[in-house]
Structures are given as structure tokens and as C-alpha cells.
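So the structure is just underneath, and the comments pick up after that.
Each chain gets a letter, A, B and so on, in the order its sequence line appears, and its residues count up from 1. Note that these values count all heavy atoms, side chains included, but never hydrogens, waters or copies made by symmetry.
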There are 2 protein chains.
Amino acid sequence: MDEKCISKAVIRRLPRYYRYLGELLEDGVERISSNELSTKMRVTASQIRQDLNNFGGFGQQGYGYNVQYLYTEIGKILGLDRTHNMIIIGAGNLGQALANYVQFEKRGFKVVGIFDVNPVLKGISIRGNEILMMDELPQYLKDNDVQIAALTLPKNNAEETANLLVENGIKAIWNFAHLDLEVPEDVIVENVHLSESLMRLSYNLNCYVTEHKK
Amino acid sequence: MDEKCISKAVIRRLPRYYRYLGELLEDGVERISSNELSTKMRVTASQIRQDLNNFGGFGQQGYGYNVQYLYTEIGKILGLDRTHNMIIIGAGNLGQALANYVQFEKRGFKVVGIFDVNPVLKGISIRGNEILMMDELPQYLKDNDVQIAALTLPKNNAEETANLLVENGIKAIWNFAHLDLEVPEDVIVENVHLSESLMRLSYNLNCYVTEHKK
DNA sequence: TAGATTGTTAATCGATTAACAATC
DNA sequence: TAGATTGTTAATCGATTAACAATC
């Protein structure tokens, strides 16, 4: 298969297409043209067609795109047609929030384990998962098929924990810690740096104020 | 002042520079060249110099950049030299996690109020903030100076809540709900779409598998 | 068939990288 | 002064938009 590397900009937009198509589907819309969709999403129709054609021709000339079909296909591209088992490392507020978030499972991301170093948390149950201690992790990963680990712990422990995860076969890390992880190149890291997001917000807030002071 | 619009790509990178400079500062590093920093951050030295020169010449030929000075200046650009009051709308798991996150306050983002519609939560205290009911919000915003509202609630209430916030003078929304908010153009929206992040992770995971199946 | 809309090529735009003169 | 490194211009690269032939 001649699966060329798709640009990151395109991948970044895919989940958003998926979301809009899901909404159209809920509204019972059967077909949509790139032009209609472009209006809704505030992007160009050209971009939509270019993006989709990275993966193949999902549309039909003179008709547009079948919403259900396109939704399903993008879902497949994003890997939402299969189940991914996920563990959460760090059972603090954020870790627990992720563990409690029901919607992920609907998309095929199933939280199967939660780990922490704090013995106070040991055995506490979150949506059917008892919090386990970190020293149980290596054995757990041998016994269970886990693809994704969400890292929701302070940055000082993050690097060594990431190494431990990689050593035990984890292939994808959803990183919420405030640092850039150093991992082998076959391990995927997706960063969610909340504080950086908040700083961008702050930048724009000041920017606006500055501009109007002129 | 001739504050031109800086490209989003540059803004996106600023908080990361800030983070690295903060670490250098902690390590007692006094000066750094764009070349050294580029090695650490795995970007080009050219990009660093271009990015910084959008805001002015912070360096010195033959010397490089003074870490403390550059750190402070980027902080100012990002608006971290002032305090921003923030409220959280939605006291679910994620809202509580944000409210409990101590680091934000260090950067000048102070959680001053938490709101929810669920009467069960009324009066529960989170780091000194009692959860208030949504009907108290308009009066609260009249009595308090709040710039930022974090939206951590289900998407079906998000749009109308955003409208309410905007009507009551909120100028920046940190949106965690899974939808694109429609707000007046002077209102800043910074999105954190966790499920989209997870989908990108999933895409890359499958991608890798696919490529090696060849 | 005629009209609509895609898939795709070509043109444009913007962002990144390279190069180097300015200067500390 | 000589060496180092910035600030900045020019060259390259990639991504977005426009245009249109293909085709349903």
C-alpha cells in the first residue's frame, strides 16, 4: 500500500471534519457538497476536497459526499473503528477526570487501568477501575493488551515513567505533563499542554487590548 | 505602536520558548545562543531568531540571549506579568481538576469562581471557592472583575452559556466543550478539544501499524 | 443531455530555512 | 582587533486557494 506521509496540518483537521459530519448525521442530512460544508465549517471548499483526496475519492461528481459514508471512512482513517485500551498514569484530579469521561469509550478508547504512587489512593474505584500502585504496572502490562497511556502526573516523574512505559511495550503516550518527552521514534507522543493553551489565550487577550489602546 | 498581527504559528511556539527558558533559568544558565537553544528544542536556530524578532531584538551580536531577560520579555508578551481572574463554568470532573490545578495561579491565572447548574454541588468548596449556581452568574460578573471563563460543560449547554458570558462582559473563553463557539469577533476563544487530540493520537498509532504491514 | 460538483493540476500565498552583512 | 552571533534579507519549501477538465 502506498500510504504516503500525510501532512500534520491535514491530520489536525480530520477530527473536526468527523465532528461536523457526526452532527450532520444526527440532523438526518444525507448528502453534502464541499461547498455547503465549507460554509458551515468556515474553511474553503478547496481545502476540504484537497484534504479528503489525500485518502481517496470519497465523493461523487455532481452529487457531493454521502454523509454517512464519509463519516464512516474518516472514522476508519482515525482508527475509531477499533477499540484501544488505555491506562492512566497519575490519579490526581486530571487523571480522575479523564477516567470518568464517558465519551472516550464511545469512540473506542477504553480506560482499563489507573495507576498512582500515592498509597492513599490504592484500591479506590473509578468507574469500575480500582486505582493500582505504580509497582504493579510492569506485571499489568504483561498481562493486558494496552496501546495507550495517558500521563497525568507532575513533570518531575514524567520522563522516568515514560521510559518505564516504553520498556513495557506502550506504543503511544497521551502526555499532559509540562515537558517534551524523549522517546524512541516508533513511540507516538500526543501532547496536551494546558498551560501553553492558557498562555496563548492570554496573549490574544493582551493583544486585543494593546491594539485598541493605539 | 505598530503592533502588526503576528502569525499564529509563532504564537503557538512562544509558550514553549518560555518553558525552556524557565528551565534554563532554574539550572542557573545565564546566556544562550540561538544555536544552543535550537539543539535543545529541536528546531532551527533560524526559526528562533525569526520568531523573536517579531517582537524586537532581544539578543546581542556575539553574545546571544540573556536567559533571564528573554524569559521576562516573553512573559510580558504572553501577558504573564499581570493577573487574570478566571471563572470555571461546569464543576464536573474536568472543571474541578482545573480549579485544583495550583500551577495556573503561579502564572497569573487566578480561579475566582466556579459555577454549575447542579444544586447538589452548591456550596462545596474547592481550594477556597464555593461552587455557585449558574443563576448567580450575571450578578457575580457585575460585582467582580473577570477576564477569562473556562467552559467545562456538556456541549448542549455550551453555546447558550457562552452567549450569557459574552452578554455579561467576558472577553475570553477557554473552551473545553466539543463544539465551535459562535461569538462576536472581539471575544477570544481558545479551544482545548481533548477528544480531537486523542483521535490524532489514534491516527498516528494506526498509521504506524499500517506502514509496517507493507 | 444539461447541471452540478468532484478530483486534480496550476497559481498563489505564507512560513521556514539559509545566508550573510551588521555589530557586539 | 578577531570571533561570535545576532538581525534581516533572500531562497526554498510546503500549504492553501483558484481554476477547470472529468464525470456523475
Report summary line: Note, DNA chain C 5' to 3' with Watson-Crick or G-U pairs under 3.5 Å encoded as ( ), [ ], | and . gives ..||||||||||||||||||||||

What closest approach, in Å, do [X] and [Y] show between heavy atoms, and which atom pair accounts for it?
{"X": "A:Leu151", "Y": "A:Ala158", "result": "CD1-O, 4.0 Å"}
{"X": "B:Ala91", "Y": "B:Ile114", "result": "CB-CG2, 3.7 Å"}
{"X": "A:His84", "Y": "A:Ile148", "result": "CB-CD1, 3.8 Å"}

Below 3.5 Å is the cut-off: list the nitrogen or oxygen pairs between protein and nucleotides 20-24 of chain D, distance only.
{"unit_1": "D:dC24", "atom_1": "O3'", "unit_2": "A:Gln60", "atom_2": "OE1", "d": "3.3"}
{"unit_1": "D:dC24", "atom_1": "O2", "unit_2": "A:Gln61", "atom_2": "O", "d": "3.4"}

Query raised in the report: So, A:Asp180 and B:Arg42, do they make that salt bridge, N to O below 4.0 Å?
Result: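 Answer for the salt bridge query: no.
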
Could you state the [atom1]-[atom2] distance from [X] to [N], rounded to the nearest angstrom?
{"X": "B:Gln47", "N": "D:dG7", "atom1": "CD", "atom2": "P", "result": "16 Å"}
{"X": "B:Asn54", "N": "D:dT8", "atom1": "CG", "atom2": "P", "result": "11 Å"}
{"X": "A:Ile6", "N": "D:dG14", "atom1": "CD1", "atom2": "C1'", "result": "14 Å"}
{"X": "B:Asn53", "N": "C:dT16", "atom1": "CG", "atom2": "P", "result": "15 Å"}
{"X": "B:Arg42", "N": "C:dT17", "atom1": "CZ", "atom2": "P", "result": "15 Å"}
{"X": "B:Ile48", "N": "C:dA19", "atom1": "CD1", "atom2": "P", "result": "18 Å"}
{"X": "A:Asp51", "N": "D:dT17", "atom1": "CG", "atom2": "C1'", "result": "12 Å"}
{"X": "A:Leu70", "N": "C:dT5", "atom1": "CG", "atom2": "P", "result": "16 Å"}

Query raised in the report: Can we call the ring centroids of A:Trp174 and A:Phe109 under 6.0 Å apart?
Result: no

**Report entry** Check: A:Gln50 side chain, D:dT17 base, donor-acceptor under 3.5 Å
**Finding:**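 Indeed, a donor on one side and an acceptor on the other fall under 3.5 Å apart.
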
Query raised in the report: Under a 4.0 Å heavy-atom cut-off, which of residues 7-34 of chain B touch DNA chain C?
Result: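 Heavy-atom contacts with DNA chain C come from B:Ser7, B:Ala9, B:Arg13.
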
Report task. Check every atom of C:dG7, D:dT8, D:dT6 against the side chain of B:Tyr65 and return the nucleotide holding the closest atom. Result -> D:dT6

Exercise: do [X] and [Y] side chains pair donor with acceptor under 3.5 Å:
{"X": "B:Tyr17", "Y": "B:Asp51", "answer": "yes"}
{"X": "A:Asn191", "Y": "A:Asn175", "answer": "yes"}
{"X": "B:Tyr140", "Y": "B:Asn168", "answer": "no"}
{"X": "A:Gln50", "Y": "A:Ser46", "answer": "no"}

Query raised in the report: Cation-pi between A:Arg31 and A:Tyr63: NZ/CZ under 6.0 Å from ring centre and within 45° of the ring axis?
Result: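 Yes; both conditions hold, so A:Arg31 lies above the ring face of A:Tyr63.
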
Requested in this report: Name the orientation class of the two ring planes belonging to A:Tyr18 and A:Tyr71 (parallel below 30°, tilted from 30 to 60°, perpendicular beyond 60°).
Outcome: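 Geometry flag for A:Tyr71 against A:Tyr18: parallel rings.
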
Report task. Mind checking A:Ser46 for me? I need base, sugar-phosphate or nothing, with any heavy atom below 4.0 Å counting as a touch. Result ->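 Base contact - A:Ser46 has a heavy atom under 4.0 Å of at least one base atom.
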
